[in-house]
Amino acid sequence: MIRRNIDFLLTPQFEHVDCPNHRRRAPAAQKTANKGTKARGGGSNVKALAVQSEPRYEVTVAETGESYLCSPHSHLLGAMVALGRKGIPSGCHGGGCGVCKVRVVAGDYSTLPMSRAHISPDEEQQGIVLACRTFPLADLRLEVVGKLKKAVTRKKFGLV
Amino acid sequence: MGVMRIGHINLRVLDMEAALKHYEGVLGLIRVDEDADGNVYLKGWDEWDKYSVILSPADQAGMNHVAFKVRRDTDLDALREKVEAYGISTEMVPPGTLRDCGRALKFNLPSGHEFYLYAQKAFVGKAVGVTNPEPWPDGLKGAGVHWLDHALLMCELDPEKGVNKVAENTKFMEEALDFRVAEQVMVGPDHSIQAATWMFRTSTPHDIAFVGGPKMGLHHVAFFLDEWNDVLKAADIMAKNKIKMDVTPQRHGITRGYTIYFFDPSGNRNETFAGLGYLTQPDMPTITWTEENLWRGIFYHTGEEAGEFTDVYT
Ligand code: FES
Ligand SMILES: [Fe+2]
């Protein structure tokens, strides 16, 4: 019982709505083999507590080398912030603002509709997606495409 | 008489089903109509005109247009003259172009945002009626917002290139539409750059606001709640529904409102805004916030940028 309760706390609660627009795809440039849908287990305590019925995949952000676990029912951004991790810029979590743009360089995933103001059909073909609209179907490796402005850019005029 | 108030906003949504779950179930707007193109019309319970929000299915988020209601049909002709004289071309669109509205004056603000003025919209009234009404109706969902309160539009601002659409919009709204500036943010070395304004036609601190950013867009659309406890309750409802909140309940220095910023399922920022701030009147002097106090103005308690105010919008 205790284990289940703790696990509940560790499992990102972002709901993934099944919808007809939900698209499954693998990036064009994919090189690594798909590791299937096995649950991540062993190693740290966190991994040991994973629910067997819910697979969780390892998502690695290339820039930082940091990785975290994400279920296929959580979007890549929601799972990251729920675990207190950083790396992908976080904004609206609705596929509208475009700050969480990433390139999936390895692994299968599915997506929900993303604003065409930020992801062109061409980019989508190349595995460029919005992390907040993307759900893992395998271990994923990502590169951040959106600029990591906050930390490095000074606003000269207060707002811009 | 001229412009009375904000009438409606037309938002683009990526997934209508998810959008309705949000605007009906979480905000508590009431669905009143749907047209053949799949646009859905909603209103707050405390509004008497037929709708204040149009949700349009689209492949990108953001705002299609914002519309303000004027007092009389003849005001449309008078305002058309003023807008044209200001140097902005207009189009008078026939009745029904805006669903269930009379003829409407269409033009773009200097910032590029599409803007309508109309004098007439179908009346549906409030559930509580107008004879010995109860203070609120039964059966409200979610936060039970009262009405569409205001919109904040992001306008291109690049002082080094001499671009300031905030100042251009503000001047236009003052001179052509008779809006007043309740508050403004002045930045730059000698505080000479008008980087944000809050403008009114009603007696509240703002019916529309303009803030400078790298490109034009919609920063947020706000819905009214009575008071602080309603704001807290609304935040609970959002948390329950796993709504992405950008800024949890707090006070704005500017307008004195109580606020929550959060996002709809397409990433459009919403606000629930409580408190009527203070009384504004046409002779009220404008309040100015300087660059060093800009963030106290926006988020009064912390005095620094909260959430993703400047960089994230649709
Ligand atoms: S956070 Fe806004 S598009 Fe992903
Ligand atoms: Fe606001």
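Side chains included, hydrogens not; waters and symmetry mates left out as well; all remaining heavy atoms used.
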B:His150 and B:Phe273 aromatic centres sub-6.0 Å: yes
Between B:Arg12, B:Met245, B:Glu160, the one whose heavy-atom pairs under 4.5 Å with chain A are most numerous: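 The option with the most such pairs is B:Glu160.
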Winner by heavy-atom pair count (cut-off under 4.5 Å) against chain A, out of B:Asp158, B:Ile193, B:Leu294, B:Ile298: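 With the most close heavy-atom pairs to chain A, the winner is B:Leu294.
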Partner chain B: residue of A:Gly94, A:Ser90, A:Cys92 with the largest heavy-atom pair count (under 4.5 Å): A:Cys92
[X] versus chain A, the contacting section by heavy-atom distance below 4.5 Å:
X: B:Asp59; answer: both
X: B:Leu157; answer: both
X: B:Pro265; answer: backbone
X: B:Val13; answer: neither

Neighbour count >12 (heavy atoms, 6.0 Å) for atom NZ, B:Lys215: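 Check passes, neighbour count above 12.
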B:Phe299 and B:Phe309 aromatic ring geometry - parallel, tilted or perpendicular at 30°/60° bounds: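 Geometry flag for B:Phe299 against B:Phe309: perpendicular rings.
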A:His75 and A:Phe135 aromatic ring geometry - parallel, tilted or perpendicular at 30°/60° bounds: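 It falls in the perpendicular class, over 60°.
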Distance-minimising heavy-atom pair for B:Tyr261 and B:His252: OH-CE1, 3.2 Å
A:Glu58 to A:Ser67 - nearest heavy-atom pair and separation: OE2-OG, 3.4 Å
